[in-house]
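Step one of this worksheet: look at the structure below.
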Amino acid sequence: MSSHLLPFTATPPPQIPTKASPLPQHTLSQRTHIPSHIYKHPAAILLELCTSPKELNQIIPQIIKNGLYNETLFQTKLISLFCKYGNLTEASRVFEPIEDKFDALYHTMLKGYAKSSSLDSALSFFSRMKHESVRPVVYNFTYLLKLCGDNSDLKRGKEIHGSVITSGFSWNLFAMTGVVNMYSKCRQINDAYNMFDRMPERDLVCWNTIISGYAQNGFAKVALMLVLRMSEEGHRPDSVTIVSILPAVADIGLLRIGMAVHGYVLRAGFEPLVNVSTALLDMYSKCGSVRFARVIFDGMDHRTVVSWNSMIDGYAQSGDAEGAMLIFQKMLDEGVQPTNVTVMGALRACADLGDLERGKFVHKLVDQLKLDSDVSVMNSLISMYSKCKRVDIAADIFKNLQNKTPVSWNAMILGYAQNGCVNEALNAFCEMHSRNIKPDSFTMVSVIPALAELSTPRQAKWIHGLVIRRFLDKNVFVMTALVDMYAKCGTIHTARKLFDMMNERHVITWNAMIDGYGTHGLGKTAVELFKEMRKGTIKPNDITFLCALSACSHSGLVEEGLCFFDSMKKDYGIEPTMDHYGAMVDLLGRAGRLNQAWDFIQKMPIDPGITVYGAMLGACKIHKNVDLGEKAAFEIFKLNPDDGGYHVLLANIYATASMWDKLAKVRTIMEKSGLQKTPGWSLVEIGNEVHSFHSGTTSHPQSRKIYDYLETLVDEIRAAGYVPDTNSIHDVEDDVKVQLLNTHSEKLAIAFGLLNTSTGTPIHIRKNLRVCGDCHNATKYISLVTRREIIVRDMHRFHHFKDGVCSCGDYW
DNA sequence: CTAGGGTTAG
């Protein structure tokens, strides 16, 4: 294969001689002739055998006692040993007083600095060497380049590369392999390749360097192509090649290629090598075959902690959290010391299981193993506690966490958002913003749903702008979140524009768009889009069908809905869940086919849950059917709902039918069981602020003004034909009933919105419950007399009020 | 003194 197949151009062959030409090296034997009584001295033999700092400290007094401390051999050996044990202070103490320091001593010292000290001290020692006219040798550069690569210090890496050139090592295989590696570790894979390409001779190690470079920089396919090219040029892949390439195979997830590599491993006899087997099992689990991974894992007669970690993570990532915990437990039982990666895998499994108890156990382990200084581990703890619904503990950890990374912020924001703490999520996002920590796609995917929840179009535009400025507007996850957000902010056409602009769409992108049309009452468009999706390559999933069914339900498209429900199992093999059955009952019930809905419930293959009977009860409320309503409510109460909404619904059915004694009974039950109706609230966005209103409250600073305005507004709409619907309120005087109605949170929010925006501006309201009959009617008239468009998003759908009409066609 | 490449991770 020639290099034109690769996405880079080959550089012309170098003009300079092709033979590597290292400078002559100074060796100890060349410099000094050591008499045998010195190098055969017992102390010299002891030094030769020395394996620990402790032993070294025991030998030193003997060296001094025998007057050998000033002998070159002993000085050299001592410096080397101190460097090996990372004790640069002691090494310097031997090194500095030596008068005639020969070059090798400098080289040893530099190695010491490079292996155990900071880049800074290694480099300053290196410049001292230049200053003191020590001729550099190749391995000075290889050590320094490695250090720059490990620290991802491109700037200084380039400086060392410069020194390599000026010192005449440009064509040295070892030095240039170091340069290639440095560039790829600094994520400059193109520079790395350019250097690789110019090398006059390349051996196996050099090929491995560039291959692992591409693999680690996310260019899995290029890495694989290079393996082929390397073989064609006569280098047989060794175990290092295999271990480098397997993560790349895992990345692209091609099991077929992975198995081919496995075959090669068997033929080459690399299987007994732990790192090869570990990389293989990791590849299998990432390519979707945990079972194969497990077979390899079980067949290993020796495992490292990486093997265990890989296996735990393999289970966790494939969705088998319980399997991950079993391996984790087995690992602890066998006495293998967990690392940070181990606990991160275990915590993820606990999070997936929502298992707080075991999560806390792993947390204790983290403390015992002193892993609490590892930010990644702490981030995993934040995620685990959030997923286990203890966002309070997560927030505590986050607050006390030193050196927070962007990942920490993302984990916290997502934790808040997933626990319904929308304001906390937004506050954290703003704080992150003000600290100048740049949001990435993960941040956006966490924070955008929080804004969608609030339905604030202005903030929606602001975050969209931020997405563009952060160059995240090509990311399919971020764009899907934006489509969903615009739909949930009432700007469905903007959502569609973004949807059409996207080059890549996932199933959730389609779901968001179909659901958006559904909740806006644009059932026909939703159905059209769903049909378009079925023609394409992206397969609908259970959620898609749920969105489609709910869209049909909101628009009264009963036949289409029945047809989709049928096709779901028949054509796509998707088993309906409780939510699908609920959607079907909703579809039939809303359309007034109450008996058919009840029959449908009786024929369900699974025991109907609250969702199903709740849909039935809601339909009975709309169509004023006391009989079936009572039956449905009875079933719901047997299932012990934790919110009082269903009792209220039944009470409303009785009120509409003027069955006051039965209504009183329901109220008594509610009081006895302590069940409460969820308090209603409405939000409206004015400028950069979001204002919330609760029914009957006067806490808003403009409260007086709002109530006054509401009074004149009600007079105006009454004149236009509005009649208050006091049906559901019965035990107070008529004028009080009207007053109570006028303090509903959405009326307050609408009045406030009208007062604080200019003529013609549409008003967006977000309400947590279903909009009530009287408010719905009143809002229609308000839109007529004020000539304003009012968009209300309630618990289930959107209502676009314009010129006295609502988009839901009074069917909600 | 005596060089360069490799596995797990939100």
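All of these numbers come straight from a predicted model, not from anything done at the bench. So that the names make sense, note that chain A is the first sequence line, chain B the second, and so on, each numbered from 1.
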**Prompt:** Passes ring pair (Phe, Tyr, Trp, His ring centres under 6.0 Å), A:Tyr139 versus A:Phe174? Steps please.
**Reply:** CA-CA 8 Å; A:Tyr139 49 87; A:Phe174 290 82; 9.9 Å; no
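Backbone-only contact: A:Thr108 has heavy atoms under 4.0 Å from sugar-phosphate atoms and none from a base. Using a 4.0 Å heavy-atom distance criterion, A:Thr142 is classed as a sugar-phosphate-only contact. A:Asn379 comes within 4.0 angstrom of nothing in the nucleic acid, heavy atoms only. Residue-level contact check: A:Tyr143 touches the backbone only, with heavy atoms under 4.0 Å from sugar-phosphate atoms and none from bases. Residue contacts for A:Ser277: at a heavy-atom cut-off of 4.0 Å it reaches no nucleic acid atom on any strand shown.
Remark: A:Gln216 is in phosphate contact with B:dT7, judged by side-chain N or O atoms under 4.0 Å from OP1 or OP2. A sub-4.0 Å separation between OP1 or OP2 of B:dA9 and a side-chain N or O of A:Lys286 is present. Within the structure, every side-chain polar atom (N or O) of A:Lys404 is placed at least 4.0 Å from both OP1 and OP2 of B:dG10. Between A:Thr209 and B:dG4 there is no side-chain N or O to OP1 or OP2 distance below 4.0 Å. Within the structure, every side-chain polar atom (N or O) of A:Lys84 is placed at least 4.0 Å from both OP1 and OP2 of B:dC1.
Distance CZ (A:Arg348) to P (B:dT8): 16 Å, rounded to an integer number of Å. In this entry the distance linking CG of A:Leu204 with P of B:dA3 reads 17 Å, nearest Å. When the P atom of B:dC1 is taken as reference, atom CG of A:Leu78 falls 11 Å away, rounded to whole Å. Between A:Met311 atom CE and B:dA9 atom P the separation is 13 Å, expressed in whole Å. The nearest whole Å value for the distance from the CG atom in A:Asp374 to the P atom in B:dT8 is 16 Å. A:Ile210 places its CD1 atom 13 Å from the C1' atom of B:dG4, with the value rounded to the nearest Å. What separates CG of A:Asp313 from P of B:dG10 is a distance of 6 Å, to the nearest Å. A straight line from CZ of A:Arg303 to C1' of B:dT7 spans 16 Å, rounded to a whole angstrom.
Comparing B:dC1, B:dA9, B:dG6 by their closest approach to the side chain of A:Met344 singles out B:dA9. For A:Asn275, whose side chain is taken as the heavy atoms from C-beta onward, the closest listed nucleotide among B:dG10, B:dT2, B:dG6 is B:dG6. Nearest nucleotide to the side chain of A:Val243, out of B:dT7, B:dC1, B:dG4: B:dT7. For A:Val138, whose side chain is taken as the heavy atoms from C-beta onward, the closest listed nucleotide among B:dA3, B:dT8, B:dG4 is B:dA3. Closest to the A:Gln317 side chain, of the nucleotides B:dG10, B:dG6, B:dT8, is B:dG10. Taking the side chain of A:Pro247 as heavy atoms from C-beta on, and the options B:dA3, B:dT7, B:dA9, the nearest nucleotide is B:dT7. Comparing B:dG6, B:dT7, B:dG4 by their closest approach to the side chain of A:Val306 singles out B:dT7.
Residue side chain A:Phe442 meets the stacking definition with respect to B:dG10: its ring centre sits within less than 5.5 angstrom of the base's six-membered ring centre, and the planes differ by less than 30 degrees. Stacking between A:Phe174 and B:dA3 is present: the aromatic ring centre lies within less than 5.5 angstrom of the base six-membered ring centre, and the two planes differ by under 30 degrees.
Around atom NZ of A:Lys221, no more than 12 heavy atoms belonging to other residues, nucleotides or ligands sit under 6.0 Å away. Dense packing is recorded around OH of A:Tyr85, with more than 12 heavy atoms of other residues, nucleotides or ligands lying under 6.0 Å away.
A distance of 11.0 Å separates CG of A:Leu81 from OG1 of A:Thr76, quoted to the nearest 0.5 Å.
Taking only distance into account, the side chain of A:Asn309 meets the base of B:dT8 through a donor-acceptor pair shorter than 3.5 Å. A donor and an acceptor atom never sit less than 3.5 Å apart when one is taken from the side chain of A:Asp238 and the other from the base of B:dG6. Judged by atom type and distance alone, A:Tyr139 reaches the base of B:dC1 through a side-chain donor-acceptor pair under 3.5 Å.
Under the 4.5 Å side-chain criterion, counting only non-hydrogen atoms from C-beta, A:Met344 is not in contact with A:Leu347. The closest side-chain heavy-atom distance from A:Leu78 to A:Leu47 is below 4.5 Å. Counting only heavy atoms from C-beta outward, the side chains of A:Val375 and A:Ser408 approach each other to under 4.5 Å.
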